[in-house]
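Below: the structure, in structure tokens.
Letters go in sequence order (proteins before strands), and every chain restarts at 1. Atoms considered below: every heavy atom in the structure, side chains included; atoms not considered: hydrogens, waters and symmetry mates.
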Amino acid sequence: MRLEKSYQPNKYETSIYSLWEKSGAFLPKSTGNDYSIVMPPPNANANLHMGHALTIAIEDIAVRYHRSKGDRVVFVPGADHAGFETQVVYERKLANEGKSRFDYSREDLYKNIYEFVASNRDIFTSQIRALGASVDWSRFVFSLDEPVVKNAYATFSKMWHDGLIYRGERLVNYCTYHGTAFADIEVLHKEEKGHLWSISYPLVNENGALVVATTRPETLFGDTAVAVNPHDPRYQSFIGKTLKLPLTDREIPVIADDYVDTNYGTGVVKITPAHDSNDFEVGLRHNLQRFSVIDFDGKMTSDRVPKKFRGLTVSQAREAILNELSDQGFIVADEKITHNVGRCYKCDNPIEHLLMDQWFVNVRPLADNAIKAIEEGKIKFYPTIKSKQLKRYYEQIKDWNISRQIVWGIPIPAFQNENAPYDWIYDERVSQETIVVGNMTYRRDPDVFDTWFSSSSWPYMALGYPEGKDFTDFYPLSLMETGVDLLQQWVSRMIMLGLYVTNEVPFKTVYFHGMVTDGEGRKMSKSIGNVLNPMDILNEYGSDAVRIGMISGNTAGKNQPFVISKVVGGRNFCNKLWNIARFTAEQHKTDQENAKLLLNNIADHWIVWRYENILNKYCQLMDAYRFSEAYEIAYHFIWDDLADWYIEASKLQPNVPLLEALLRASLVIAHPFAPFVTETIWQNTSTDSSPLLSGHEFIRLGPADVKRGLDFEKIKEIVVSVRSLKKATGAKKVKLYYHDEPLIAEYGHIIKTLAKLEDVEYLDPGQGITVANNLNCWLDVDQKLIADYLLHLESKISEAKGRIDQLKDRLGNKNYIERAPKDLVEQSRTQAIEAESELEALLQEKVRFDNP
RNA sequence: GGGCGCUUAGCUCAGCUGGCUAGAGCACCUCGUUUACACCGAGGGGGUCGGGGGUUCGAAUCCCUCAGCGCCCACCA
């Protein structure tokens with residue numbers, strides 16, 4: 001069939017993808033080495049962003065490469081319910097309709113969100129298709145599917161029975177706007193300007209006072225002690241005495257604790273165990289009571305708070321209390337400082353530390369196992385530095401709060417005895433609000449699991465653990481590919497849960513890609529307004545171009561600005577492939593359909609020799625997860641070697657069977673990077689019995705005669721030199737003369753065509769300008785052009801001199817001769833000799849023209 | 001306060017365990033109506049690899065140091 005002049009991606013991509021899908025090209029084969037990747041499940045409700053495009057590009061490149069290696073590949077897609085994220089989106093939608101989550105019962109809200117997500121499902125699946133991800137859709141997993149939920153329960157139950165789960169009243173990071181707690185790593189810390197107030201707390205029954213320093217005067221009503229450092233000479237006499245808490249009648253003790261830094265503030269700290277986590281620890285050590293004075297809606301409550309302040313928000317209360325303290329003369333100083341404030345990563349409201357009963361996982365033993373696995377080298381990290389970072393994280397990891405006060409998630413299968421609050425039982429009947437066990441009524445915990453609790457089981461879950469055949473065949477995963485930002489949040493937990501549940505690491509290799517930033521290196525974020533939609537770029541340049549743009553120049557772990565010029569480069573490459581195919585198709589002759597593949601001339605040997613070389617290099621780079629470099633290798637073979645040299649040379653006498661074989665071989669190596677265009681070409685040109693490129697193995701074309709290949713390198717050298725000389729002298733119509741050069745005698749016609757010469761003729765050694773060192777051939781040029789040529793010669797001469805000086809220096813260095821590897825020294829000697837003879841030739845040439 | 005990373009051509013970046021004249025894409029200059037391709041072809045310009053010091057026969061690559069930028073962790077109230 002006839003191909004159009006240029007490749008139009010959007011004309012083919014959709015139908016190519018459905019062809020792949022219909023033909024079962026993405027199902028694992030029955031033979032070969034196992035290779036498995038599970039796609040990090042995107043949020044089921046959101047559009048894909050540039051980070052997804054990068055993830056999918058890398059994973060799909062790896063997967064398609066392994067199919068071509070003959071491996072038995074499975075690539076499992078999925079989606080995450082993304083609990084909090086999705087509920088936030090849904091609440092925003094409700095807000096637009098003038099409603100809020102409080103207008104619905106938990107059950108109705110859950111149902112509504114479920115439908116909302118289901119109705120959006122096509123959006124992201126079609127985007128994954130558009131990006132060309134060769135996933136097996138029949139294996140699709142959603143994180144609220146029954147098996148996933150069951151699995152989360154099994155893990156929770158196992159932990160429960162192993163004593164790794166506990167429920168306790170702890171300080172949690174709480175967003176009063178969103179009404180839920182967060183894990184420590186989910187809190188965003190920002191450096192902000194604030195005040196450090198010094199407040200005087202008078203002694204009871206004697207004169208004097210201690211001056212505490214605080215940034216949060218409004219928590220004063222929750223104070224249950226004041227602490228000083230036990231070794232602080234200033235305050236020795238105060239330890240054990242009693243202070244009167246300002247604005248109240250309450251009396252609190254002065255305690256001594258090493259936690260207090262004598263150099264910060266006044267060296268005196270008010271202790272508020274219910275609203276500060278350090279204070280919470282101090283409180284535990286000193287058996288202090290905990291008084292909550294801020295409620296879950298962010299307002300001052302509790303009867304500890306004087307009536308006039310009750311019901312105020314935290315910031316209102318701060319102002320009112322400061323005024324009152326000031327009026328009564330308690331404020332001693334007001335210092336402006338910068339300090340870190342924890343904020344909600346969604347709404348930017350300050351995160352409050354509030355006392356709550358929550359489910360925690362004791363992660364210490366899990367982290368220790370993970371450290372062991374890392375030390376034993378069971379997981380390869382790209383980049384390697386990440387394994388150190390992860391180890392450090394495990395070493396200081398704290399218990400994991402897995403309760404979330406939202407409805408969109410997996411209900412926690414725990415029930416509380418209505419009459420005995422500390423009696424909790426494990427039970428999976430979460431669809432019931434209450435259950436009766438042993439004559440006692442138990443009420444379900446209204447909370448759901450942290451999304452990361454279920455998604456951290458993704459590697460084995462997606463493979464149908466525990467009984468699934470995929471689990472037996474493909475676990476541990478060959479590769480987990482994800483963003484550097486998820487090292488702690490996800491990867492650390494996958495490793496811990498994988499080891500805990502399956503006794504094996506969940507993946508053998510983990511590859512972290514960096515963040516995709518904008519042209520100025522900033523994160524893409526809605527608030528800056530620099531977010532790009534991969535689908536827009538895809539529609540303009542094609543899916544293949546987007547992939548190439550994403551991966552070229554990209555290395556593991558490094559952030560990378562998205563620049564459109566790389567996408568343009570990718571599009572151009574696709575078009576180059578297309579036109580190679582066009583040319584090849586035009587050469588095709590039906591009467592020679594079954595012609596044998598033979599290597600006829602030196603160009604044939606050269607290109608096959610080149611191909612076999614680059615194929616090896618390409619595989620090495622791919623195996624080392626150096627995708628960008630592998631792409632470059634393929635790119636230059638196809639563009640430079642095949643298109644610019646081989647095809648140009650073969651226009652004289654096309655070797656059609658070889659051309660066609662080279663095209664097919666090129667399609668296979670380009671396919672991981674540019675699946676759509678390569679498949680489109682394959683579909684339109686292949687006479688192969690297996691019509692689908694996807695899954696086609698690498699094509700071997702060798703062996704070639706290396707000597708003849710090298711002969712062609714000489715031809716190339718002559719051609720390049722002639723072109724350069726022609727350009728330097730401005731000569732248009734020139735002939736090449738040669739004497740006693742069999743190679744030129746035989747392949748003069750190739751040189752003539754490639755260098756656009758008038759002719760190539762045999763002649764006795766004569767005039768004309770020398771084309772190549774060590775070869776008896778000359779370019780016949782007009783006398784008028786000689787001046788230009790001499791200038792050209794001068795620059796060549798000084799270049800050669802520079803090189804000789806450099807080599808002489810090196811060879812004149814005794815230490816170099818003695819200590820450098822012998823072959824390197826030998827190489828330098830050869831180079832020096834070559835350079836000398838080249839210079840000699842150039843000088844002779846100059847003399848020749850200087851004295852005609 | 002700790003830890004880590006980056007600084008290479010105009011732009012965005014490669015350059016693995018130190019070894020030919022430091023590479024790519026895009027941009028730039030000159031030439032080209034060669035029927036595969038102007039999303040092209042040919043030729044070319046452009047970098048003392050952030051500064052300084054050290055190790056080495058040899059450093060963009062290893063070490064130290066300074067400067068600038070960035071990230072992560074850390075709840076000094």
Side-chain angles (χ1 to χ4, degrees), chain A residues 3 5-7 171 173 184-185 187 189 196 212-216 227 259-261 263-266 268-272 276-280 337 339-342 351 353 383 385 388-389 392-393 396 484-485 487-488 514-515 519 521 541 545 548-549 552-555 557-587 621 624 626 628-629 632 635-636 643-644 647-648 651 720 723-728 730 753 755-756 799 802-803 806-807 810 813-821 824-825 827-828 831 835:
Chain A
L3 303 173
K5 223 174 167 189
S6 64
Y7 172 57
L171 277 186
N173 308 292
D184 292 338
I185 53 172
V187 178
H189 291 279
L196 184 66
V212 306
T214 181
T215 55
R216 302 211 55 189
Y259 150 68
V260 181
D261 179 348
N263 295 318
Y264 190 86
T266 58
V268 185
V269 185
K270 67 195 227 21
I271 301 299
T272 323
D276 181 285
S277 45
N278 280 317
D279 294 4
F280 182 88
I337 56 158
H339 62 146
N340 280 319
V341 179
I351 291 290
H353 292 278
I385 190 75
K388 265 192 221 161
Q389 282 178 21
R392 223 182 356 255
Y393 173 68
Q396 53 88 56
V484 276
D485 54 330
L487 176 69
Q488 284 106 325
M515 301 292 96
Y541 294 96
I548 291 169
S552 61
N554 193 316
T555 45
K558 236 181 119 170
N559 289 3
Q560 182 119 30
F562 178 81
V563 281
I564 200 70
S565 71
K566 292 196 291 183
V567 178
V568 171
R571 180 205 52 188
N572 296 355
F573 176 63
C574 292
N575 193 240
K576 179 54 75 172
L577 272 170
W578 184 259
N579 275 287
I580 291 170
R582 241 163 68 97
F583 175 80
T584 307
E586 279 172 17
Q587 305 305 314
L621 289 166
R626 299 162 73 115
S628 170
E629 288 165 78
E632 267 188 44
Y635 174 95
H636 288 294
D644 289 346
I647 286 187
E648 289 308 320
K651 279 178 178 170
V720 168
R723 284 169 176 169
S724 175
L725 286 168
K726 277 178 69 183
K727 188 82 179 179
T753 307
K756 297 199 200 329
E799 209 175 278
R803 205 176 321 143
Q806 199 178 5
L807 287 163
R810 194 176 300 166
N813 182 340
K814 270 185 192 166
N815 288 322
Y816 175 70
I817 306 293
E818 281 162 21
R819 300 190 202 179
L824 200 66
V825 177
Q827 199 184 322
S828 300
Q831 284 169 344

Please name all residues satisfying salt bridge (Lys or Arg N to Asp or Glu O under 4.0 Å) with A:Lys576, sequence neighbours left out, ordered by chain then number.
none

Sequence neighbours left out, what passes side-chain contact (heavy atoms from CB on, under 4.5 Å) with A:Asp485? Give chain and number order.
A:Met515

Who passes side-chain hydrogen bond (donor to acceptor under 3.5 Å, both in side chains) against A:Tyr816, sequence neighbours left out?
A:Ser828

Using a 3.5 Å distance criterion without hydrogens, assess whether the side chain of A:Ser628 forms a donor-acceptor pair with backbone atoms of A:Gly553.
yes

Residues forming a side-chain hydrogen bond (donor to acceptor under 3.5 Å, both in side chains) with A:His636, sequence neighbours excluded:
A:Asp640

Rounding to a whole Å, what distance do you find between A:Arg392:CZ and B:G1:P?
18 Å

Under 3.5 Å, is there an N or O donor on one side and an acceptor on the other linking the side chain of A:Glu648 and the base of B:A36?
yes

For A:Gln488, answer base if it contacts any base atom (sugar-phosphate contacts may also be present), sugar-phosphate if it contacts only those atoms, and nothing otherwise; contact means non-hydrogen atoms under 4.0 Å.
sugar-phosphate

Rounded to whole Å, how long is the line connecting atom CG of A:Asn813 with atom P of B:A59?
11 Å

Which residues satisfy the salt bridge (Lys or Arg N to Asp or Glu O under 4.0 Å) test with A:Glu648, sequence neighbours excluded?
A:Lys651

Using the 3.5 Å cut-off, write out each protein N or O paired with an N or O of nucleotides 29-32 of chain B and the distance between them.
from: B:U30; atom 1: O2; to: A:Lys727; atom 2: NZ; distance (Å): 2.7
from: B:C31; atom 1: O4'; to: A:Lys727; atom 2: NZ; distance (Å): 3.2

Would you say B:C39 has OP1 or OP2 under 4.0 Å from some side-chain N or O of A:Arg571?
no

Could you pull out all residues at least two apart from A:Asn579 that satisfy side-chain hydrogen bond (donor to acceptor under 3.5 Å, both in side chains)?
A:Asn575, A:Arg582

Contacts under 3.5 Å, N or O only, protein and nucleotides 19-23 of chain B:
from: B:C20; atom 1: O2'; to: A:Gln831; atom 2: NE2; distance (Å): 3.2
from: B:C20; atom 1: O2; to: A:Gln831; atom 2: NE2; distance (Å): 2.5
from: B:U21; atom 1: OP1; to: A:Arg810; atom 2: NH2; distance (Å): 3.4
from: B:U21; atom 1: N3; to: A:Arg803; atom 2: NE; distance (Å): 3.4
from: B:U21; atom 1: O4; to: A:Arg803; atom 2: NH1; distance (Å): 3.3

Sequence neighbours left out, what passes side-chain hydrogen bond (donor to acceptor under 3.5 Å, both in side chains) with A:Gln488? Give chain and number order.
none

Listed by chain and number, what are the salt bridge (Lys or Arg N to Asp or Glu O under 4.0 Å) partners of A:Arg626, not counting sequence neighbours?
A:Glu629

Dot-bracket for RNA chain B, 5' to 3', with Watson-Crick and G-U pairs under 3.5 Å, [ ] for crossing pairs and | for other-strand pairs: what is it?
(((((((..((((.....[...)))).(((((.......))))).....(((((..]....))))))))))))....

Is A:Lys651 touching bases, backbone alone, or none of the nucleic acid, heavy atoms closer than 4.0 Å?
base

Quick one: which protein N/O atoms are closer than 3.5 Å to N/O atoms of nucleotides 6-12 of chain B? Pair and distance per line, please.
none

Quick one: A:Phe583 CZ to B:G41 P, roughly how many Å, whole number?
14 Å

